[in-house]
Amino acid sequence: MAEDTVKPRRWDPIVKLTHWGIVIAVIGNALVTEEGSGWHIWVGYGLAALLALRLLWGFIGPAEARFSAFPPSPSRAMAHIGEIRRGDVVKHASHNPLGALMVYAIWACLGVIIATGIAMAGPPPADPNAEQHHHERKAQVVGAAPTGERAEAREGGKGDEAAKGEEGEGEEDALTEVHEVAVNLLYLLIALHLAGVVFETRRNGREIVGAMLPGGNRKA
Ligand code: HEM
Ligand code: HEM
């Protein structure tokens, strides 16, 4: 049980909305929509909008929701592991330092999924960072021979990159591949995230799930 001296912390409505919205969108595209379908893309853009809102909120939201409240810091994460080992319970107004690393990892993973998804889906430009090797490949294709040994090139080693992008089909393959790998990585991160939530709840007794649920916003 939470200590009486510390009032239950509640996340603000935007953090709650974006969290559960992202959960619904991820589950929707993982289990409900058909891969690459109109609905999949539509849900994908919804996911992108929710993530964008959350990231904006990281600059302008209340103190606990800001990036400055949970910097990605391996040294703090190590210190936090030390606290766990010693059985110390230290209250954190925002995500604990291990949780913070998980949050950034999930966001990064979602970013890759969104960027590759949009690049495959069509018009709006993808995140330039995530799309970089896409452009590199395109640039290499310019000088590529027109006649196709694509199938062989595709099976071939890393040196065959230039031929791979011919007619843009190799690019699509690569995007699909990255999309899929990032999706699988996301599933792993989600499993760890849920394990972390359960572990933290057992260890700490603090109602971290309650803090993320709708209703009753009390200030900590
Ligand atoms: C977490 C959310 C998402 C999940 C779980 C997910 C999952 C998947 C999976 C498993 C595939 C099949 C990949 C394959 O063919 O091997 C796929 C394909 C695809 N996804 Fe997503 N996706 C997500 C988000 C997005 C987003 C944000 C977009 C774009 C707005 C998008 C657009 C596409 C497209 C266009 C394809 C077709 C690829 C092809 O040509 O085969 N996805 N997605
Ligand atoms: C698709 C599945 C999920 C994803 C991608 C996901 C992702 C995230 C992310 C990105 C955050 C950081 C929130 C922010 O600062 O905006 C977070 C926090 C949190 N999530 Fe999830 N989540 C998922 C499922 C769940 C589920 C099912 C639960 C409930 C059991 C849950 C409970 C929590 C809690 C309690 C926090 C706050 C942890 C803290 O106090 O530091 N999540 N999640």
Side-chain angles (χ1 to χ4, degrees), residues 8-58 61-62 64-67 69-70 80 91-124 126-127 130 168-169 171-201 204 206-213 220:
R9 176 198 54 154
R10 288 276 179 171
W11 290 102
D12 66 78
I14 296 293
V15 168
K16 291 176 180 177
L17 173 83
T18 54
H19 180 262
W20 296 112
I22 287 169
V23 171
I24 289 166
V26 168
I27 292 173
N29 268 0
L31 301 178
V32 182
T33 66
E34 202 178 309
E35 296 162 358
S37 67
W39 278 106
H40 187 86
I41 292 165
W42 197 88
V43 170
Y45 276 107
L47 171 67
L50 288 165
L51 181 61
L53 174 60
R54 177 59 184 97
L55 296 181
L56 177 69
W57 206 235
E64 306 129 22
R66 294 196 185 197
F67 303 129
F70 57 104
H80 183 73
K91 304 275 180 199
H92 298 276
S94 187
H95 304 298
N96 77 48
L98 264 187
L101 293 185
M102 177 56 71
V103 171
Y104 289 109
I106 290 175
W107 284 339
C109 209
L110 288 174
V112 171
I113 292 165
I114 289 165
T116 52
I118 288 176
M120 289 186 291
D127 177 339
E169 280 185 35
E171 285 174 34
E172 288 299 316
D173 288 352
L175 287 171
T176 308
E177 197 78 11
V178 175
H179 194 70
E180 203 178 11
V181 168
V183 164
N184 286 319
L185 179 58
L186 180 67
Y187 294 159
L188 177 68
L189 293 177
I190 290 169
L192 291 172
H193 168 51
L194 295 181
V197 169
V198 170
F199 177 80
E200 194 58 19
T201 300
N204 201 324
R206 217 167 105 219
E207 293 187 5
I208 60 167
V209 176
M212 192 54 95
L213 294 176

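Keep in mind the model is a prediction, meaning the values are calculated, not measured. Both ligands and their constituent atoms are indexed starting at 1 by order of listing. Only heavy atoms go into these numbers, but all of them, side chains included; no hydrogens, no water, no symmetry mates.
To the nearest 0.5 Å, the span separating CG on D12 from CG on L17 amounts to 10.0 Å. Here the NE2-CE distance, from H40 to M120, works out to 6.5 Å after rounding to the nearest 0.5 Å. Atom CG of L101 is separated from atom CD1 of I106 by 11.5 Å, given to the nearest 0.5 angstrom. Between atom CZ of residue R10 and atom NZ of residue K16 there is a gap of 5.0 Å, rounded to the nearest 0.5 Å. The CD1 atom of I118 lies 4.5 Å from the OH atom of Y45; values are rounded to the nearest 0.5 Å. Between the CD1 atom in I208 and the OG1 atom in T201 there is a gap of 4.0 Å [rounded to 0.5 Å].
Note: F67 and Y104 have tilted aromatic rings, judged against thresholds of 30 and 60 degrees for the angle between ring planes.
Heavy-atom contacts of V209 reach the following atoms of ligand 2: 35 (C) (cutoff under 4.0 Å). Every atom of ligand 2 with a heavy atom of R54 under 4.0 Å away is listed here by number and element: 14 (C), 15 (O), 16 (O). Short contacts between ligand 1 and Y187, defined as distances under 4.0 Å to a heavy atom of the residue, involve ligand atoms 5 (C). Taking a cut-off of under 4.0 Å to the non-hydrogen atoms of T176, the atoms of ligand 1 that pass are 13 (C), 14 (C), 15 (O), 16 (O), 39 (C), 41 (O).
Only the side chain of L47 comes within contact range of ligand 1, with a heavy atom under 4.0 Å; no backbone atom does. Residue contacts with ligand 2 for W20 involve side-chain atoms from C-beta outward but no N, CA, C or O (heavy atoms, distance under 4.0 Å).
Protein heavy atom at the shortest distance from atom 10 (C) of ligand 2 is W107 NE1, 3.4 Å. For atom 30 (C) of ligand 1, the nearest non-hydrogen atom of the protein is I118 CG1, 3.6 Å. Remark: minimum distance from atom 41 (O) of ligand 2 to any protein heavy atom is reached at H95 ND1, 2.7 Å. Looking only at protein heavy atoms, the nearest one to atom 40 (O) of ligand 2 is R9 NH2, 3.0 Å. V103 CG2, 3.4 Å is the protein heavy atom nearest to atom 12 (C) of ligand 2.
Using a 4.5 Å heavy-atom cutoff, the side chains of N96 and E200 are in contact. Side-chain contact between N204 and K91 is present, with at least one heavy-atom pair separated by less than 4.5 Å. For the pair W20/M212, a side-chain contact is recorded, criterion being any heavy-atom separation below 4.5 Å from C-beta on. Annotation: side chain of W11 is not in contact with side chain of P62 (no heavy-atom distance under 4.5 Å).
Each of I22, I24, N29 was scored for a side chain to side chain contact (heavy atoms under 4.5 Å, CB included) with L47, with one residue passing: I22.
Within the protein, the N, O or S atoms lying under 2.8 Å from atom 21 (Fe) of ligand 2 are H19 NE2, H193 NE2.
When L213, L110, L53, I208 are checked for heavy-atom proximity to atom 35 (C) of ligand 2, I208 turns out nearest.
Within the protein, the number of N/O/S atoms found under 2.8 Å from atom 21 (Fe) of ligand 1 is 2.
S37 places no side-chain N or O within donor-acceptor distance of the main-chain N or O of T33, the cut-off being under 3.5 Å.
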*Worked verdict on E34 versus W39 for side chain to side chain contact (heavy atoms under 4.5 Å, CB included)*: CA-CA 7 Å; E34 202 178 309; W39 278 106; over 6 Å; no

*Begin with the C-alpha distance, continue with both residues' side-chain angles, and end with the deciding distance and a verdict on side chain to side chain contact (heavy atoms under 4.5 Å, CB included) for H179 and L175.*
CA-CA 6 Å; H179 194 70; L175 287 171; over 6 Å; no

